[in-house]
Novice: 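The structure under discussion is supplied below as structure tokens; questions concerning it will follow.
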There are 2 protein chains.
Amino acid sequence: MSTEAASRRGVPDATVARLPGYLRALTAFVDRGITSVSSEELATAAGVSPAKLRKDLSHLGSYGVRGVGYDVARLAEEITDVLGLARDWPVAIVGMGNLGRALAAYRGFATRGFKVVAVLDHDARLVGLRTAGHTVQPMSALPRLVADEGLAIGVIATPPGSAQLVADQLVAAGVRSILNFAPQVLSVPPGVDVRKVDLATELQILAFLAQQRDLETGAEAEVS
Amino acid sequence: MSTEAASRRGVPDATVARLPGYLRALTAFVDRGITSVSSEELATAAGVSPAKLRKDLSHLGSYGVRGVGYDVARLAEEITDVLGLARDWPVAIVGMGNLGRALAAYRGFATRGFKVVAVLDHDARLVGLRTAGHTVQPMSALPRLVADEGLAIGVIATPPGSAQLVADQLVAAGVRSILNFAPQVLSVPPGVDVRKVDLATELQILAFLAQQRDLETGAEAEVS
DNA sequence: GTGTGTGAAAAATTTCACAGCT
DNA sequence: AGCTGTGAAATTTTTCACACAC
């Protein structure tokens with residue numbers, strides 16, 4: 001229980017969203033044998049401004065030393081604590097299409113605080129097959145996974161048409177954190193967190209920015 | 001050139017980030033044969049508040065009718081225009097690992113304004129293989145793809161160690177929009193847009209929220 | 001009557017700039 | 001002397017509430 005400041009309410013959402021990036025940068029410093037960094041170095045590595053970094057870290061408490069910088073290992077541990085990554089979170093991936101299989105094979109889970117405890121699919125023809133070290137299980141396995149494995153996070157990698165049903169089944173089984181890769185708005189009861197990853201949305205934002213660049217290049221009537 | 005208001009500078013970033021969601025919801029309404037929606041209906045379908053939706057749309061101009069609502073087809077067309085999706089954007093996917101192959105096989109591109117014109121890999125042993133209807137090309141093909149196919153957007157699906165090199169090669173070839181799936185901060189010259197999709201970050205944010213829920217449930221000392 | 005469009009208020013986030021600790 | 005931590009200012013985003021067009 002060394003997390004006094006960390007357990008306080010009131011870390012802004014925008015800050016929380018950046019903490020994983022800081023943690024990744026810190027881990028890279030650890031790997032390179034660097035034990036101390038300034039806010040400027042860490043900010044550069046994480047792709048943010050130094051002022052933003054310092055403000056973000058100030059919400060966790062004071063873990064730097066004025067005139068010196070931050071102890072890499074200590075700050076990494078603190079952020080790990082704040083994010084709740086001191087323990088591993090059991091994850092299940094639902095939907096064994098192309099994306100689901102790619103996610104199941106992804107190596108990055110283990111090193112970052114997550115453990116894939118099961119892969120599932122609604123389609124009976126896929127149940128029993130093996131992918132990336134896992135045997136595909138039916139949706140009916142969910143309650144047992146929650147009870148026995150402590151399953152806490154569900155990843156939805158199904159076609160959009162099945163996403164809501166899968167979300168309902170996850171929630172019914174007791175899962176309260178969902179990462180949704182399907183391009184579909186999910187409705188879930190209060191107390192359940194959903195985050196969305198959407199390829200098409202990101203591409204469309206890039207298209208908007210690209211078009212804006214083109215328009216600006218084409219039209220030279222600007223107030224300096 | 002019917003986009004007067006649309007071509008104006010000053011659509012807020014937060015609004016741009018939500019436009020793809022509105023477009024998707026509108027497309028779903030079109031498919032269901034619905035020709036008119038209120039801000040409340042559209043907001044619900046897109047997962048935002050009605051006030052936010054109306055404010056967002058007000059930045060594009062007035063495309064609703066007071067007392068009635070929005071013409072689904074007209075609004076969809078307007079957002080399509082604003083986002084620059086009236087034409088197809090040529091996309092290349094770099095990195096034919098699990099994720100790259102899954103992305104190459106993804107059906108959602110075509111229907112949303114994008115066209116995969118090539119898949120590439122740095123590894124000579126993969127070049128020439130066929131995946132999802134494409135022949136894997138070497139990185140040296142980039143300049144020709146930009147010149148001949150109008151390649152505008154690069155998707156990086158490589159391991160983190162190769163991501164910066166790939167980004168450099170994309171930029172050198174003239175690509176100015178990059179979608180990065182590798183957990184690696186990219187440094188690019190001004191005028192190049194990078195957006196990041198990061199599985200681990202999203203999971204870590206979910207972990208934070210889940211832990212916070214657990215802490216709040218455990219500790220009953222609250223000011224109502 | 002109904003539901004949009006929008007000023008104004010509120011809230012959240014970012015940036016600034018410097019006091020204060022080492 | 002150097003770099004963090006932080007109030008205060010600036011900016012962005014969200015929410016409110018109602019005038020106004022149909």
Side-chain angles (χ1 to χ4, degrees), chain A residues 4-6 8-22 25-26 29 34-76 78-79 82 205 208-209, chain B residues 4-6 8-22 25-26 29 34-76 78-79 82 205 208-209:
Chain A
E4 307 166 25
R8 266 191 233 314
R9 232 73 67 261
V11 181
D13 289 350
T15 294
V16 172
R18 284 186 293 266
L19 291 179
Y22 302 155
L26 286 166
F29 280 122
I34 292 166
T35 58
S36 177
V37 287
S38 67
S39 66
E40 174 139 10
E41 292 166 320
L42 182 52
T44 300
V48 304
S49 72
K52 197 183 278 183
L53 171 73
R54 290 204 303 277
K55 178 64 87 176
D56 282 342
L57 295 185
S58 79
H59 291 114
L60 313 185
S62 290
Y63 294 97
V65 180
R66 298 182 190 217
V68 178
Y70 300 91
D71 180 294
V72 171
R74 174 134 185 271
L75 185 55
E78 176 57 25
I79 295 179
V82 172
I205 294 171
F208 171 84
L209 296 172
Chain B
E4 306 166 26
R8 266 192 233 313
R9 232 74 66 265
V11 182
D13 289 350
T15 294
V16 172
R18 283 186 293 265
L19 291 179
Y22 302 155
L26 286 166
F29 281 121
I34 293 166
T35 58
S36 177
V37 288
S38 66
S39 65
E40 175 140 9
E41 292 166 320
L42 182 52
T44 301
V48 303
S49 72
K52 198 183 278 183
L53 171 74
R54 291 204 303 277
K55 178 63 90 176
D56 282 342
L57 295 184
S58 78
H59 290 115
L60 313 185
S62 290
Y63 295 97
V65 180
R66 297 184 191 215
V68 179
Y70 299 91
D71 181 293
V72 171
R74 174 134 186 271
L75 186 55
E78 176 57 26
I79 295 180
V82 171
I205 294 170
F208 171 84
L209 296 172

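Proteins come first, then strands; the chains are lettered A, B, ... in the order of their sequence lines, and each starts at number 1.
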Novice: Report the distance from atom CZ of B/Phe208 to atom CD1 of A/Ile79, rounding to the nearest 0.5 Å.
Specialist: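 Result: 12.0 Å between the selected atoms.
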Novice: List the steps, then state whether side-chain contact (heavy atoms from CB on, under 4.5 Å) holds for A/Tyr70 with A/Leu26.
Specialist: CA-CA 10 Å; A/Tyr70 300 91; A/Leu26 286 166; 5.9 Å; no
Novice: Output the rounded distance in Å from CD (B/Glu40) to P (C/dT4).
Specialist: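 Distance, rounded to whole Å: 9 Å.
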Novice: Polar atom pairs between nucleotides 12-14 of chain C and protein, under 3.5 Å, N or O only, would you list them?
Specialist:
unit_1: C/dT14; atom_1: OP1; unit_2: A/Arg18; atom_2: NH1; d: 3.1
unit_1: C/dT14; atom_1: OP2; unit_2: A/Arg18; atom_2: NH1; d: 3.1
unit_1: C/dT14; atom_1: OP2; unit_2: A/Arg18; atom_2: NH2; d: 2.8

Novice: Distance under 4.0 Å to a non-hydrogen atom of chain B counts as contact; along DNA chain D, which nucleotides mark the start and end?
Specialist: D/dT13 to D/dC22
Novice: Do the side chain of B/Arg66 and the base of C/dG5 come within less than 3.5 angstrom through a donor-acceptor pair of N or O atoms?
Specialist: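 Flag unset: no donor-acceptor pair detected.
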Novice: What is the separation between atom OH on B/Tyr63 and atom C1' on C/dT6, rounded to the nearest whole Å?
Specialist: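 The distance from OH of B/Tyr63 to C1' of C/dT6 comes to 17 Å, rounded to the nearest Å.
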Novice: What is the minimum heavy-atom distance between B/Ala17 and B/Pro20, and which atoms define it?
Specialist: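 So the minimum-distance heavy-atom pair works out to O-CD, 3.7 Å.
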Novice: Does the side-chain contact (heavy atoms from CB on, under 4.5 Å) test come out yes or no for B/Leu19 and B/Leu60, once each step is laid out?
Specialist: CA-CA 10 Å; B/Leu19 291 179; B/Leu60 313 185; 4.1 Å; yes
Novice: Identify each donor-acceptor pair in which a side-chain atom of residues 40-53 of chain A lies under 3.5 Å from a protein atom, sequence neighbours left out, and give them as a table.
Specialist:
unit_1: A/Glu41; atom_1: OE1; unit_2: A/Ser38; atom_2: N; d: 2.8
unit_1: A/Glu41; atom_1: OE1; unit_2: A/Ser38; atom_2: OG; d: 3.4
unit_1: A/Thr44; atom_1: OG1; unit_2: A/Glu40; atom_2: O; d: 2.9
unit_1: A/Ser49; atom_1: OG; unit_2: A/Lys52; atom_2: N; d: 3.2

Novice: Only counting residues at least two apart or in another chain, list the ones meeting side chain to side chain contact (heavy atoms under 4.5 Å, CB included) with A/Arg74.
Specialist: A/Tyr63, A/Asp71
Novice: Which residues pass the side chain to side chain contact (heavy atoms under 4.5 Å, CB included) test with A/Val68, not counting sequence neighbours?
Specialist: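 Applying side chain to side chain contact (heavy atoms under 4.5 Å, CB included) to A/Val68 gives A/Ser36, A/Val65.
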Novice: Could you work out, with salt bridge (charged side-chain N to carboxylate O under 4.0 Å, His left out) as the rule, every residue matching B/Arg18, not counting sequence neighbours?
Specialist: B/Asp56
Novice: Take the protein atom CD of B/Glu41 and the nucleotide atom P of C/dT2, then report the distance between them rounded to whole Å.
Specialist: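 It is 14 Å, rounded to the nearest whole Å.
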